[in-house]
Amino acid sequence: MGAIMLQGTGSDVGRSVLVAGLCRALVRRGYRVRPFKPQNMSNNAAVTIDGGEIGRAQALQAMAAGVDPHSDMNPVLLKPQADHTSQLIVHGRVRGTLGGGNFRQARGQLLSEVMDSFNRLSAQCDIVVVEGAGSPAEINLRAGDIANMGFARTANVPVILVGDIDRGGVIASIVGTKAVIDPEDAAMIHGFLINKFRGDIALFEDGYRQIESISGWRGLGVVPWLSAAVRLPSEDAVILERKRRPDGARFIIACPILPRISNFDDLDPFKIEPDVDLLMIPPGSPLPAEASLIVLPGSKATIADMQAMRAQGWDIDILAHHRRGGAVLGICGGYQMLGRRIADPQGVEGPSGTVAGLGLLDIETVLSGDKTLREVKGRALGASFAGYEMHIGQTSGPDCGRPFAHLEAGRPDGASSPDGRVLGTYVHGLFGGTALRSAFLDRWNLSSSQQDHGVAVNAALDDIAAQLEAHIDIDALVALAMR
C-alpha cells in the first residue's frame with residue numbers, strides 16, 4: 001500500500017483534475033488506485049455504490065481509477081445551504097447542520113472517521129491518491145485540520161504542493177507557503193508541481209530552479225494548460241461561466257446560476273451538441289429572450305433560491321418566456337420551484353417557512369422525510385435513461401398524473417404541464433446517455449451528436465493522463481507513495 005497527497009497553494013489551482021489524471025495514468029501503468037479527499041465542500045454531489053453521497057470530483061476520480069464511487073472516498077462532505085451554515089455529510093449520510101464556529105469544534109472529532117475510510121481504501125489498492133482542500137498556508141485554520149496537514153501527518157502521507165501559474169505569483173505562493181507553515185508540516189512536503197502553464201515551458205526554467213533553491217523542495221514537473229479539462233464535469237460553481245459560441249447555435253438553453261446551485265453538471269452533455277448553445281446566466285443578467293429552453297437546476301436550499309430568483313427578476317423572465325411559447329425544464333430543486341408552493345415546516349434546508357413557486361406546474365412540495373439517495377433507470381419521452389436521485393421532499397398534485405418519466409418497476413417520476421412545455425423531474429444525470437438526449441432534442445427537430453457523455457469524459461481523462469506522463473515525473477511520485 002502507498003499513498004501520495006496533492007495539496008494546493010490556494011483554492012482552484014487544479015488539484016481535482018490533476019488527481020483524476022494521475023489516477024488514470026497510474027491505472028494505465030497497472031496499479032490498483034483509489035482517490036480520496038478527507039474533507040470537501042461542494043453542493044455538487046454524486047450517489048455512491050453503498051447508497052451514500054460524495055463530491056462529484058471524487059466520483060470523477062473514481063471513474064478515472066476504473067472503480068465505482070464509494071462514500072469512503074470523501075468521508076466528510078460539507079454542503080453549503082445558507083450564508084453561514086452547511087449540511088454535514090459523514091460517510092455518505094446526513095449528520096446534521098454546522099455553522100462556521102461549531103465546525104471547528106466538530107472537525108477534530110471527525111479525524112478518526114476520516115482515518116477509518118482512508119484505511120479501508122488503502123487495504124483495497126496499491127496507491128491512494130489524496131486531494132487536499134484549500135491550502136496548508138491557511139494557518140489560521142490549522143488547529144483541528146483534517147483536510148490538509150492534519151490528515152497528512154496523522155496518516156504519514158507525503159505531500160506534493162501544487163501552484164497555479166496562470167493566476168500569477170506562483171513563485172511567491174510556493175515559497176510563501178514554506179515560510180508560513182509549521183516546520184513539521186513543511187517536512188511533509190516532498191516536492192512541487194506547477195500547473196496551468198501557457199506557452200513555452202522553457203521560459204520558466206529559471207523560475208522553476210529558483211523555487212527549488214529557495215524552498216528546498218524538488219520540482220516534479222510543469223503541467224501545461226490542459227485543454228481537455230473543459231470536457232470534464234466541473235465541481236465548483238466558480239467555474240460556471242460559459243462563453244457563447246461565436247458562430248451562434250440553432251438552440252439556446254439558458255440556466256440561471258442560483259446562489260445555492262447544485263449538480264449543475266446535469267447540463268454538461270449539451271456542451272457536446274453542435275446545435276446547442278448552453279448559457280449559464282450569472283446574477284445581475286436577465287435570462288435571454290432568444291432562449292428556446294430555460295432549465296432550472298438543482299438547489300441545496302430551494303426556498304432560499306426561489307427567493308433569490310425573485311430578487312433577480314428571473315421569475316418575470318421565466319413567466320414571459322413561457323407566455324411566448326418557450327419551454328421550461330426543472331431538475332430536482334428546480335422541479336420544486338415550478339410548482340405552486342414549497343413548504344419547509346421543519347426547517348430542513350434553513351429557517352422553516354413556505355414560499356410561492358412559479359406556478360407553472362399544478363404541484364406542491366413539502367420538504368420533509370429522509371433524503372432520497374439512489375441510482376435509477378427508466379424511460380421518458382419514449383427513450384431509456386440512467387441517472388440518480390438526491391433530494392429531500394415529497395411532491396404531489398394534479399400534474400404528477402402526467403409524470404415526466406417512469407422508473408424501474410413502473411414508479412412515476414416528475415410532472416408535466418397539459419401542453420407538455422413545462423417538465424419537472426427529480427432525476428439527475430438524465431442526459432449523459434444518447435437515447436434520452438436525442439429524444440429531447442428531437443422535440444425541436446434537432447439532431448443529436450449521438451455521443452455518449454461518459455465516453456467523452458473517459459477520452460478526456462486519457463488525454464490528461466497522457467499529458468501528465470509527458471510533463472511530470474510520475475516515477476518519482478510512485479517512489480514517494482511507496483516509500
Side-chain angles (χ1 to χ4, degrees), residues 11-12 15-16 37-48 52-61 69 71 73-100 103 131 133-134 147 232-242 255-268 280-283 295-309 312 314 330-337 342 344 347-351 365 367 371-373 387-393 425-430:
S11 298
D12 196 30
R15 282 182 311 256
S16 295
K37 185 161 186 169
Q39 173 198 313
N40 197 356
M41 178 176 279
S42 175
N43 276 334
N44 254 21
V47 173
T48 60
E53 59 179 306
I54 59 175
R56 286 213 65 80
Q58 282 61 67
L60 174 67
Q61 292 159 0
S71 61
M73 296 173 182
N74 177 203
V76 178
L77 174 62
L78 299 173
K79 303 184 81 171
Q81 61 184 24
D83 290 341
H84 303 290
T85 63
S86 294
Q87 186 180 68
L88 173 65
I89 312 291
V90 180
H91 293 151
R93 303 293 178 182
V94 176
R95 187 170 287 188
T97 301
L98 292 175
F103 176 63
E131 179 186 345
L232 301 179
S234 299
E235 182 186 41
D236 298 317
V238 73
I239 315 174
L240 272 173
E241 293 184 11
R242 306 276 189 234
C255 175
I257 303 175
L258 301 167
R260 296 158 188 86
I261 189 172
S262 66
N263 293 58
F264 48 82
D265 60 325
D266 284 335
L267 302 181
D268 280 0
M280 305 299 294
I281 309 301
V295 177
L296 303 185
S299 167
K300 185 63 194 71
T302 310
I303 287 180
D305 272 351
M306 187 70 242
Q307 293 168 332
M309 185 182 298
Q312 289 291 326
W314 283 333
I331 302 174
C332 199
Y335 165 40
Q336 296 171 343
M337 293 177 196
I342 308 161
D344 188 357
V348 172
E349 290 190 344
T365 298
L367 301 176
K371 192 170 194 176
T372 299
L373 289 168
Y388 62 96
E389 290 183 79
M390 179 181 291
H391 68 89
I392 289 177
T425 176
Y426 271 122
V427 182
H428 295 282
L430 285 163

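Not counting sequence neighbours, Gln312 has no partner by the side chain to side chain donor-acceptor pair (under 3.5 Å) test. Ser11 meets the side-chain contact (heavy atoms from CB on, under 4.5 Å) test with no other residue; sequence neighbours excluded. For Val94, the side-chain contact (heavy atoms from CB on, under 4.5 Å) criterion is met by Gln87, Ile89, Lys371, not counting sequence neighbours. For Asp305, the side chain to side chain donor-acceptor pair (under 3.5 Å) criterion is met by Ser299, not counting sequence neighbours. By the side chain to side chain donor-acceptor pair (under 3.5 Å) test, Ser71 pairs with Asp50, sequence neighbours left out. Every side chain to side chain donor-acceptor pair (under 3.5 Å) that Arg95 has, sequence neighbours left out, goes to Glu113.
Considering only heavy atoms from C-beta on, Pro80 stays 4.5 Å or farther from Arg260 through its side chain. Side-chain contact between His428 and Ile331 is present, with heavy atoms from C-beta onward closer than 4.5 Å. In this structure the side chain of Asp268 reaches within 4.5 angstrom of the side chain of Pro233, judged on heavy atoms. Between Leu367 and Thr365 there is a side-chain heavy-atom pair separated by less than 4.5 Å. At a threshold of 4.5 Å between non-hydrogen side-chain atoms, the residues Ile257 and Ile281 do not count as touching. Cys255 has its side chain within reach of Leu267: a pair of non-hydrogen atoms, C-beta onward, lies under 4.5 Å apart. Side-chain atoms of Lys37 and Met73, non-hydrogen and from C-beta on, never get closer than 4.5 Å to each other.
Rounded to the nearest 0.5 Å, atoms CD (Gln307) and CG (Leu258) are 12.0 Å apart. In this structure, CG in Leu296 is found 10.0 Å from CD1 in Ile261, a value given to the nearest 0.5 Å. With rounding to the nearest 0.5 Å, the separation of CG in Asn43 from NZ in Lys79 is 6.0 Å.
For the 3.5 Å distance criterion, the side chains of Glu131 and Ser16 qualify, holding a donor opposite an acceptor. A donor atom on one side chain and an acceptor atom on the other are found under 3.5 Å apart for Thr302 and Gln336.
When atom types are taken as modelled, the side chain of Asp344 and the backbone of Gly347 share a donor-acceptor pair closer than 3.5 angstrom. With Asn44 contributing its side chain and Phe264 its backbone, the two residues share a donor-acceptor pair below 3.5 Å. Proximity of a side-chain donor or acceptor of Asn40 to a complementary backbone N or O of Leu77 within less than 3.5 Å is not detected. Checked by atom type and distance alone, the side chain of Arg56 never pairs as donor or acceptor with a backbone atom of Asp265 at under 3.5 Å.
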Quiz item: Given the rule in the side chain to side chain contact (heavy atoms under 4.5 Å, CB included) test, do Leu78 and Leu88 qualify, once you have shown the distances and angles that lead to the verdict?
Solution: CA-CA 5 Å; Leu78 299 173; Leu88 173 65; 3.6 Å; yes

Quiz item: Can you check side chain to side chain contact (heavy atoms under 4.5 Å, CB included) on Tyr388 and Thr372, steps first, answer last?
Solution: CA-CA 10 Å; Tyr388 62 96; Thr372 299; over 6 Å; no

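What you find for Pro297 and Pro256 is that their closest heavy atoms are CG-O, 3.8 Å. For Cys332 against Met390, the heavy-atom pair with the smallest separation is SG-O, 3.5 Å. Closest approach of Ala133 to Gln39, counting heavy atoms only: CB-O, 3.7 Å.
Ion pairing between Glu53 and Arg93 fails under the 4.0 Å rule for side-chain N and carboxylate O.
Between Tyr426 and Tyr335, the ring-plane angle classifies as perpendicular under the 30° and 60° cut-offs.
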